[in-house]
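Proteins come first, then strands; the chains are lettered A, B, ... in the order of their sequence lines, and each starts at number 1.
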Amino acid sequence: MSDNNSAQNPVNLRLPDGSVRTFDGPVTGTTLASDIGPGLLKAALAIRVNGDVWDLSREIIADADVAIITKNDEEEALDILRHDCAHVMAEAVQELFPGTQVTIGPNIEDGFFYDFARDKPFTEEDLAVIEARMHEIVKRNEDITREEWDRDEAIKHFASIGEKYKAEIIRDLPESDTITVYRQGEWKDLCRGPHLPSTGKLGDAFKLMKVAGAYWRGDSKNEMLTRIYGTCWRDKKELRAYLHRLEEAAKRDHRKLGKEMGLFHLQEEAQGSVFWHPQGYKVWLELEKYIRGRLGDSGYSEIKTPQLLDSKLWEQSGHWSKFRENMFVVPDETPNTEEDAPVISGTAKLMALKPMNCPAHVQVFKQGIKSYRDLPIRFAEFGCCHRNEAHGALHGLMRVRQMTQDDGHIFCREDQVTEESVAFCELLASVYSDLGFPEFKVLLATRPDVRAGTDEIWDKAEAALEQALRSRGIDFEYAPGEGAFYGPKLEFHLSDAIGRTWQCGTLQTDFVLPERLDATYVGEDGTKYRPVMLHRAILGTLERFLGIMIEHYAGRLPLWLAPTQAVVTPITSDADDYAIRVHAALEAAGMRASLDLRNEKINYKVREHSHAKVPAIVVVGQREAENEQVSIRRIGSKDQTVLGLSEAISALSKEGRMPGA
RNA sequence: GCUGCCGUGGCUCAGGGGUAGAGCACCCCCUUGGUAAGGGGGAGGUCGGGAGUUCGAAUCUCCCCGGCAGCACCA
């Protein structure tokens, strides 16, 4: 191709429709757009050049495949708009609050943020002021231009204006990188780009959302910066839709629903541990019963292991040195009962609440002598674990300090790993589908830099997991280096009703713990071998999974899980006797039914039970009583169905049956 | 743990230097009403905890605790 420096060479640009436009020399996206038409020029945001997104003002000096990017190109448009929005925000901040240093301001899902260094953090009130100034900057329609700078000049420039973070960023950029600075009116920022041609193109579909602290370079050892989050869309309608989505998500918040539905509560005397109420615990028990049944059918034996274990065991397992800071330690002594004396001597032998069940499961495995014929041995436990999570990490049911895992460990021979993994994947997919999560994503987390075991073992382990996925036709992605130090793992991320994903299931291979805790079995040749240990969970923890379920179903749990499946209530007290009969019949059919005989209007009672998210409101009046019928109103519906009593009961109890039961 | 905001009856929230308010829920009475709030009356809190400023603090200051949003963490 032609010499880049030869400005006289013609430049041929091929458009997405295949047509080619030829220019005498270097040409900008703006020129191309205006050449095609004034409408496109007006709509143009950026240009795609051989697959890369460029500024419209950047000269294209050689033949290329190009496409003008407009708001119709959703993904690219949002990227550019959000990134520009971050810059406009930074300009507004520096105009309003001189002396504030800028650091980084990337796009994120649904918006952007920018981290600033400032003595005094921003407050929510500042946001309105900054946002108003942003709108002004958009109105000013400042030109945005790209400049390539010499690296040292750039460092010197940013250092001289007191932007030490920017200078540090440039210093750390690879030597091969071109340093680009974008000028936006009077304001300049180091940036890779691309950007809009001018601030006017940003429009007004943005909003600053919240302020927060964030560590410089994401490291808690560094100073904390003040971060402003914003959202930005292609038009007002999209912005409104997004804000509406946030409101809808907030309505599903399991902490709010948990309170409204009387499922559980948390209080400061037991931070991070849940008080389950009668209604909530009914859901818990149903879910536990379901999982117990599935595990039993899949060849697991349920066990129960101690809560408190000697620190010696944790030393052996390796947790004592690595994870002690997250463990609750308990001295094994009689507390001092004298007043004014320390309760604890400080010299006692230490025990710890288990943060996980694996070492205890190995102890059970080690009882007696195991033959290769015994393998695989599959232990399951609804293991109650404690982890001393940082206070700031606690969040409703989603992140707790006392959790119950649907834990399980499979002890098997190396040649059984694939087979066991396949079986686990099948079980997990079936459980997720039963629970209303047919879609999930799988990640294969491979060997980290710091790891135990030889490369040969890792090769085998990774291959075994991969083979299991492939043989079931399960799509997956790699998460390189994300494996545990003791072995590779599969992570199962399910998608909920509003598109969020949650990592719940996991399958981890482990060659280290059987070694450390000296688990063995006798092989065919009569000598001892190490079993492979597979750690696995489907729900992860019951607490968190119930939180996810509550949000997924917005509190309207499927009939089989709902704490109260049906409430029977009469229109007037004339039908009380019949209502009592209906209620008794539902309970006799094994349903969790309640009876509401209060002297309240039917409107009132329907409203209240709807708020309580009872799946079926069974209303009976004179008419129903005379005809041996019931009127059923299902949650979410404004209509009701009148059915014969026995017909209604068999339909409800059939629907209310646990999956697979 | 870090930064910011918040902490008022069971719940949701208003108030804001002179010794607490509303709605819902609760209790009582009236109402017997056909599918999302019928009416009246009553009881209930000393304002997260502690210290300070003040004649006087729920209201101002400081410390602690907790909650929320992020960050960091998540074996």
Atom [atom1] of [X] and atom [atom2] of [N]: how far apart are they, to the nearest Å?
X: A/Arg401; N: B/rG1; atom1: CZ; atom2: C1'; value: 12 Å
X: A/Met261; N: B/rA25; atom1: CE; atom2: C1'; value: 18 Å
X: A/Glu325; N: B/rC73; atom1: CD; atom2: P; value: 12 Å
X: A/Ile130; N: B/rG4; atom1: CD1; atom2: P; value: 16 Å
X: A/Lys210; N: B/rU3; atom1: NZ; atom2: P; value: 19 Å
X: A/Leu394; N: B/rG70; atom1: CG; atom2: P; value: 14 Å
X: A/Leu208; N: B/rA69; atom1: CG; atom2: C1'; value: 15 Å
X: A/Asp115; N: B/rU3; atom1: CG; atom2: C1'; value: 12 Å

Decide, yes or no, whether a salt bridge links [X] with [Y] under the criterion of side-chain N to carboxylate O below 4.0 Å.
X: A/Arg401; Y: A/Glu389; result: no
X: A/Glu247; Y: A/Lys251; result: no
X: A/Glu608; Y: A/Arg598; result: yes

(request) Return yes if some donor-acceptor pair links the side-chain N/O of A/Asp310 with the main-chain N/O of A/Leu313 below 3.5 Å, else return no. (result) no

(message) Once pairs are restricted to Watson-Crick or G-U wobble with both distances under 3.5 Å, how does RNA chain B read as a dot-bracket string, [ ] for crossings and | for other-strand pairs?
(response) (((((((..((((....[..)))).(((((.......))))).....(((((..]....))))))))))))....

Side-chain N or O of [X] closer than 4.0 Å to phosphate OP1/OP2 of [N]:
X: A/His391; N: B/rG66; value: yes
X: A/His265; N: B/rG10; value: no
X: A/Gln271; N: B/rG66; value: yes
X: A/Tyr229; N: B/rC71; value: yes

Please evaluate the base of [N] for a donor-acceptor partner in the side chain of [X] within a cut-off of under 3.5 Å?
X: A/Glu268; N: B/rG7; value: no
X: A/Ser573; N: B/rU32; value: yes
X: A/Tyr215; N: B/rG1; value: yes

(request) Grab the two heavy atoms, one from A/Gly555 and one from A/Leu257, that are nearest each other, plus how far apart they are. (result) N-CD1, 3.7 Å

Which value, in whole Å, describes the distance between the [atom1] atoms of nucleotides [N] and [M]?
N: B/rA20; M: B/rG48; atom1: P; value: 15 Å
N: B/rC63; M: B/rA25; atom1: P; value: 42 Å
N: B/rG67; M: B/rC24; atom1: P; value: 31 Å
N: B/rA37; M: B/rC73; atom1: P; value: 50 Å
N: B/rG66; M: B/rA57; atom1: P; value: 27 Å
N: B/rG38; M: B/rG34; atom1: C1'; value: 15 Å

How is [X] classified with respect to the nucleic acid when contacts are heavy atoms under 4.0 Å: base, sugar-phosphate, or nothing?
X: A/Pro570; value: nothing
X: A/Ala390; value: base
X: A/Gly218; value: sugar-phosphate
X: A/Ile571; value: base
X: A/Glu223; value: nothing
X: A/Asp219; value: nothing

(message) Taking side chain to side chain contact (heavy atoms under 4.5 Å, CB included) as the definition, give me every residue that meets it alongside A/Lys441, ordered by chain and number, with sequence neighbours left out.
(response) A/Glu477, A/His493

(message) Classify the ring geometry of A/Phe328 against A/His386: parallel below 30°, tilted from 30° to 60°, perpendicular beyond 60°.
(response) perpendicular

(request) Hey, can you tell me if A/Tyr432 and A/Phe440 have their rings parallel, tilted or perpendicular (30° and 60° cut-offs)? (result) perpendicular

Do the side-chain N and O atoms of [X] and [Y] include a donor-acceptor pair separated by under 3.5 angstrom?
X: A/Tyr165; Y: A/Glu223; answer: yes
X: A/Gln508; Y: A/Glu491; answer: no
X: A/Gln267; Y: A/His265; answer: yes
X: A/Thr305; Y: A/Gln363; answer: no

(message) Does any part of the side chain of A/Arg536, heavy atoms only, come nearer than 4.5 Å to the side chain of A/Ile410, both counted from C-beta?
(response) yes

Selected nucleotide, minimal atom distance to [X] side chain, candidates [options]:
X: A/His319; options: B/rG33, B/rC74, B/rA75; answer: B/rA75
X: A/Met224; options: B/rC2, B/rA75, B/rC26; answer: B/rC2
X: A/Ala393; options: B/rG4, B/rG38, B/rC73; answer: B/rC73
X: A/Ala214; options: B/rC74, B/rA75, B/rC71; answer: B/rC71
X: A/Glu624; options: B/rA75, B/rG38, B/rG34; answer: B/rG34

Let's see if you get this right: which residues in [range] place a heavy atom under 4.0 Å from RNA chain B?
range: residues 242-260 of chain A; result: A/Arg255, A/Lys259
range: residues 605-621 of chain A; result: A/Val606, A/Arg607, A/Ser610, A/His611, A/Val619, A/Gly621
range: residues 532-540 of chain A; result: none

Strictly under 6.0 Å, is that where the ring centroids of [X] and [Y] end up?
X: A/Phe206; Y: A/Trp233; value: no
X: A/Phe545; Y: A/Phe437; value: yes
X: A/His609; Y: A/Tyr604; value: no

(message) Heavy-atom nearest nucleotide on RNA chain B for A/Tyr486 versus A/Phe122: which residue maps closer to 5'?
(response) A/Phe122

(message) Heavy-atom nearest nucleotide on RNA chain B for A/Arg324 versus A/Ser220: which residue maps closer to 5'?
(response) A/Ser220

(message) Under the side chain to side chain donor-acceptor pair (under 3.5 Å) definition, can you give me all pairs with a residue in residues 611-630 of chain A, not counting sequence neighbours?
(response) A/Arg581-A/Glu628

